[in-house]
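These notes concern the structure reproduced below.
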Amino acid sequence: MIVKMLHLDLVCLAAEKDKTLTQLRDLGAVHLDLSSAQGATVAAAKGEAADAEKAVRLILKARGKAKDVNIHERSVADILAIDADRESLRSDKDELEREIRVYEPYGDFDPELAEKLLGEVEGLRDVVPLPETLPSMSLSKMREKLERIENCIVVDEAKLAGSDEKAILKKYPALADKIAFESAKELVGEQGELAYVSGWIPEPARGTFAAAVHENGWGALLREPADGELPPTLIEPPKMFRPMKALFSGLGIAPAYTEADVSVPFMCYFSLFFAMLVGDGAYGAIFLAATLALRKKLPKSWFILLTVFSSATVLWGILSNTWFGAGISWCVDWPTVKWLADPSYHNMMLLCFTIGVSHLMLARVWNGICRAPDSTCIAEFGWAGILLFMYLVTNSIVGIFPGIPQWGFWVLGVSVVAVFGFSVKPSELKTRGAELGMLPLNIMSALGDIISYVRLFAVGLASVKVAENFNSMATGLLSSDNALWLNALMCVAMVAILIVGHTLNLAMAGLSILVHAVRLNTLEFSNHKGVSWSGYAFNPFKKN
């Protein structure tokens, strides 16, 4: 569900502004629009964080080139100073190398002596091939200086490589807190001896906040969101589906406050899409093994999600008997394997279209239940009927069904009447009447929405075919006509092809999940459910 939000207006003494913000931060229940703060103090705090990030990057880059370094703790300022010195030395080195290249053809001579001779002996410049301008030092001294500069650069790089980046990273949460605090401070307005700030607070936190108001002597007004206001979105799915909050956060999406929390169907169908798009049980086993190996490093929500998605892929591999693009011989007669292996691909397409219509009809039926007893719920049930008819049409087009059954036309007729008659109320005809004219196009787009689920079959099949081709390339290297040593060499090449090929296929499978599995949930399903993903996530002002 989406948690109810209350708008907060808080008043405190201007002299206690910092204290109040500290207490609000400790409370951790108030959302403030920190992104709108762009003042000088905020910029300075962000600059400190940027310097810390730069220092860590410099250390890690230098560490990659160094061996057997001793780690020492250094401040960010010291690290940046070392880098500045190194860059200055590099500039001097480049300039000196250019100067050496210019004077190298003339050999090693003393510039002071040359200048003296040129002044004393008339016409000497015409006889001796000296440069137009003389260097500040001899070539040998230039090379000595270049060596000293290069040694200093090596020393600076060793200092960077030996700096402790973990000490800087430990301080980074404090820098992030400073940015947030300065941003919040900028949002606080003042009027005489009073200071005030506005934000949002979840309704369940009302009691805790009221106690803090009483304890600190603040003035506070909590009210329902006004028309035109868009509160932040805080979703609280059932406990089993709460890991989806991590996926939404990772994708950077949030439903609008007035929309629905679709975490439950999103997770269920996303798991199915993940399995079908990857299409290979062995790949799922690799994902699962990697997830289990990284259990201590992964956040709990991501560990649960990846375990569920990987397990679903392994299960799909069992049902379809697909392992690294090949099958296990003793599984070929399993009912699910034989059904999915239909050479006409009709069964796979039927499965995709069935998944699609169930997904989209769920959205419409859900809308209808939520809108009851309002008359517009009838239109939503009508859309469910239209989707069912388009499912029949889709299967007829590709030859899965011999034709559209008679009852399908009755469903279409009743559904179109329900949609046309109840989508817009009579009182809304002036403002929304144009929507009725778009109904034919919307009905046809429903056909396209169902057809789009065939991508589950197409992309999954492509993944399997790529794996099969790499297998064929690898095994084709071996031949009974080859010499033993040649076959041994071919075995090495075969292993290399299999590793590279399946690694590439795994990467492509991951990309297809981001493109197709996310799209089917956030576009096709969400369009029918009425979720625009135009909201922004609730992010309370609190310590990191």
Using the rule side-chain contact (heavy atoms from CB on, under 4.5 Å), only one of Leu272, Leu520, Leu456 pairs with Leu277; which is it? Leu456
Using 4.0 Å as the upper bound for N to carboxylate O, is an ion pair formed by [Y] and [X]?
X      : Y      : value
Asp83  : Arg86  : yes
Lys170 : Glu73  : no
Glu48  : Lys171 : no

To the nearest 0.5 Å, tell me how far [X] [atom1] sits from [Y] [atom2].
X      : Y      : atom1 : atom2 : value
Ile71  : Asp164 : CD1   : CG    : 6.5 Å
Ile443 : Leu387 : CD1   : CG    : 10.0 Å
Leu34  : Phe181 : CG    : CZ    : 11.5 Å
Arg242 : Met267 : CZ    : CE    : 12.5 Å
Ser358 : Phe353 : OG    : CZ    : 13.0 Å
Asp9   : Arg223 : CG    : CZ    : 6.0 Å

Flag, side chain of [X] to backbone of [Y], donor-acceptor distance under 3.5 Å:
X      : Y      : value
Tyr283 : Thr313 : no
Asn70  : Gly162 : no
Glu16  : Leu13  : no
Asn505 : Ser463 : yes
Arg63  : Ser163 : yes
Ser512 : Ala509 : yes
His31  : Gly199 : no
Ser88  : Asp85  : no
Arg295 : Leu292 : no

Just wondering, do [Y] and [X] contact through their side chains at under 4.5 Å, heavy atoms?
X      : Y      : result
Phe287 : Val278 : yes
Met508 : Val466 : no
Phe273 : Ile513 : no
Gln191 : Tyr196 : yes
Leu234 : Tyr257 : no
Arg90  : Ile153 : yes
Pro540 : Phe538 : yes
Val308 : Phe274 : no

At their closest point, which heavy atom of [X] faces which heavy atom of [Y], and how far apart are they?
X      : Y      : answer
Ile386 : Leu412 : CG1-CD1, 4.5 Å
Leu360 : Asp449 : CD1-CB, 3.7 Å
Phe525 : Asn521 : CB-O, 3.6 Å
Pro232 : Met5   : O-CG, 3.6 Å
Thr233 : Pro255 : OG1-O, 2.6 Å
Leu305 : Leu247 : CD1-CB, 3.9 Å

Sorted by chain and number, sequence neighbours left out, side-chain contact (heavy atoms from CB on, under 4.5 Å) with Ser91 holds for none
Sequence neighbours excluded, which residues qualify as side-chain contact (heavy atoms from CB on, under 4.5 Å) partners of Ala14?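 Ala14: side-chain contact (heavy atoms from CB on, under 4.5 Å) contacts with Glu190, Ala195.
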Let me check something: any side-chain donor-acceptor pairs from residues 210-222 under 3.5 Å, sequence neighbours excluded? List them with distances.
| from | atom 1 | to | atom 2 | distance (Å) |
| --- | --- | --- | --- | --- |
| Asn216 | OD1 | Gln23 | NE2 | 2.7 |
| Asn216 | ND2 | Ala212 | O | 2.8 |
| Trp218 | NE1 | Thr20 | OG1 | 3.4 |

Run Lys245 and Glu236 through salt bridge (charged side-chain N to carboxylate O under 4.0 Å, His left out) and show every step you take. CA-CA 8 Å; Lys245 296 171 69 173; Glu236 283 298 334; 3.3 Å; yes
If the plane angle is over 60° it's perpendicular, under 30° parallel, otherwise tilted; pick one for [X] and [Y].
X      : Y      : result
Tyr269 : His359 : parallel
Phe266 : Phe248 : perpendicular
Trp200 : His7   : perpendicular

Are [X] and [Y] linked by a side-chain donor-acceptor pair shorter than 3.5 Å?
X      : Y      : value
Thr354 : Tyr391 : yes
Thr41  : Glu186 : no
Thr522 : Trp533 : no

Can you list the steps and then say if Leu160 with Asp156 is a side chain to side chain contact (heavy atoms under 4.5 Å, CB included)? CA-CA 6 Å; Leu160 289 176; Asp156 280 346; 5.7 Å; no
Please evaluate residues Thr291 and Phe309 with respect to the criterion side chain to side chain contact (heavy atoms under 4.5 Å, CB included), reporting the C-alpha separation (whole Å), side-chain torsions for both, the decisive distance (0.1 Å), and the verdict. CA-CA 10 Å; Thr291 301; Phe309 299 155; over 6 Å; no
Determine, stepwise, if the pair Leu6 / Glu224 fulfils side chain to side chain contact (heavy atoms under 4.5 Å, CB included). CA-CA 5 Å; Leu6 299 172; Glu224 301 282 339; 4.2 Å; yes
Working for side chain to side chain contact (heavy atoms under 4.5 Å, CB included), residues Leu10 and Phe209: CA-CA 11 Å; Leu10 185 142; Phe209 181 74; 3.7 Å; yes
